[in-house]
There are 2 protein chains.
Amino acid sequence: MSHHHTALLANLRDQGRRLTPQREIVLSVICASAGHISAEEILTRVRARYPYLNKSAVYRTLDLLAQLNLVNVTDFGEGRALYEMHRDPHHHHLICRKCRKITNTDASIFESIEKLLRAEYGFHADLDHFAIWGLCRKCARNRKT
Amino acid sequence: MSHHHTALLANLRDQGRRLTPQREIVLSVICASAGHISAEEILTRVRARYPYLNKSAVYRTLDLLAQLNLVNVTDFGEGRALYEMHRDPHHHHLICRKCRKITNTDASIFESIEKLLRAEYGFHADLDHFAIWGLCRKCARNRKT
DNA sequence: CTCCTAATTGCAACTAGTTGCAATTAGGAG
DNA sequence: CTCCTAATTGCAACTAGTTGCAATTAGGAG
Ligand SMILES: [Mn+2]
Ligand SMILES: [Mn+2]
Ligand SMILES: [Zn+2]
Ligand SMILES: [Zn+2]
């Protein structure tokens, strides 16, 4: 049993919830994927191992894993959610709303804001995977600025 | 013709796009709404004035307005997008992933990051309406922290 | 004012994801 | 190991939003 299954199990037990084979398979598929992966692709890979697993169970598991903060969910403007394991070091994505170019940054840029939100609002922000929209250098220049 | 219609017209003309009655109606419905409003509710209000306007036109207009940055689009975890005019002063929302409580903050918290992204990546971030997930004070305390 | 054409709409069919409920089962009690 | 029950799954029906394409039209040219 991997490290992530242990984390899942601990989280579930706290809430009187159960570790089912379906949940284990979904989690391990996400663990085995390098980057961002869609629900549809997760379902495909899950079914390679367990052909009759229902899509409702996959979607419900994805919601659960997101709520437990084991995976992050991000919309990169494709009109569907992409899932990724929470891994260190954290990173963020800058997305150009004009040309859709994506640039990565590291997590440190949000450190000061995390402290501010905690100090001022008592809010423990999940700032470990942001999609930040805007204009890239090239597109901002073309706006005759 | 309102200030917002003028802004829309200018944006459209630049790109060889057109100001249609459908687009005007959708924009004015969002302008007339105080806070966040769903696409479904926009469609309902649009049809109060123009009963046969097609939902595709509404969704396509919403995409367009978002791309032109005249409205912001945010998912507050309800599984659907909410739309709001870009208005000053800007604000952000802190959402607890456990109890779904929503707290507002003002826009100034992101000023330093906006400068950093511009200086370091040449990226002009749209940081005027963020939904930040995390744990509120109460829920963070209950996690036996 | 009329004509023209590329942009846009309306439509119908489709896709991704959600929901309510009966059947199944994880996991605790004995 | 067996029983029990609340949590979960599978299913089928549903909803929100998307897409391709023919019909319409905004807005520019003459
Ligand atoms: Mn990522
Ligand atoms: Mn808002
Ligand atoms: Zn760009
Ligand atoms: Zn909370």
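Convention: sequence-line order gives letters A, B, ...; per-chain numbering from 1. These numbers come from the heavy atoms of this one structure, side chains and all, not from hydrogens, waters or symmetry mates.
Taking CG of A/Leu94 as the reference point, atom CD1 of A/Ile102 lies at 9.5 Å (rounded to 0.5 Å).
Boundaries of the chain B contact region on DNA chain D are D/dA16 to D/dG27, first to last in 5' to 3' order (nucleotide atom under 4.0 Å from a heavy atom).
Across all strands shown, A/Arg17 has heavy atoms under 4.0 Å from sugar-phosphate atoms exclusively, and none from any base. A/Ser56 comes within 4.0 angstrom of a nucleotide base, judged by non-hydrogen atoms across all strands. Residue A/Arg60 is classed as a base contact, given a heavy-atom separation below 4.0 Å to a base. Residue A/Arg18 is classed as a base contact, given a heavy-atom separation below 4.0 Å to a base.
Remark: side-chain polar atoms of A/Arg23 are not paired, donor with acceptor, to backbone N or O of A/Leu65 under 3.5 angstrom. Side chain of A/Gln15 to main chain of A/Asn11: a donor-acceptor pair is present (N/O by atom type, distance under 3.5 Å, no hydrogens or angles).
A/His92 meets the side chain to side chain donor-acceptor pair (under 3.5 Å) test with no other residue; sequence neighbours excluded.
Residues B/Ile132 and A/Phe123 meet the side-chain proximity criterion, which asks for heavy atoms closer than 4.5 Å.
Ion pairing of A/Glu41 with A/Arg45 is present here, as a side-chain N (NZ or NE/NH1/NH2) and a carboxylate O approach within less than 4.0 Å.
Of the residues near DNA chain D, B/Ala81 and A/Leu12, the one whose nearest nucleotide (by heavy atom distance) lies more toward the 5' end is A/Leu12. Toward the 5′ end of DNA chain C lies the nearest nucleotide of B/Gly16, the other residue of the pair B/Gly16 and B/Tyr50 mapping further downstream. Residue whose closest nucleotide on DNA chain D sits further toward the 5' end, between A/Asn54 and B/Tyr59: A/Asn54.
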ask   = How would DNA chain D look in dot-bracket form, 5' to 3', counting Watson-Crick and G-U wobble pairs with both distances under 3.5 Å and writing | for bases paired to another strand?
value = ||||||||||||||||||||||||||||||

request  = Go through the steps to decide whether A/Phe76 and A/His93 satisfy the test ring pair (Phe, Tyr, Trp, His ring centres under 6.0 Å), and finish with yes or no.
outcome  = CA-CA 9 Å; A/Phe76 287 96; A/His93 303 278; 5.1 Å; yes

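Across B/His36, B/Arg87, B/His90, a single residue satisfies side-chain contact (heavy atoms from CB on, under 4.5 Å) together with B/His129, and that is B/His36.
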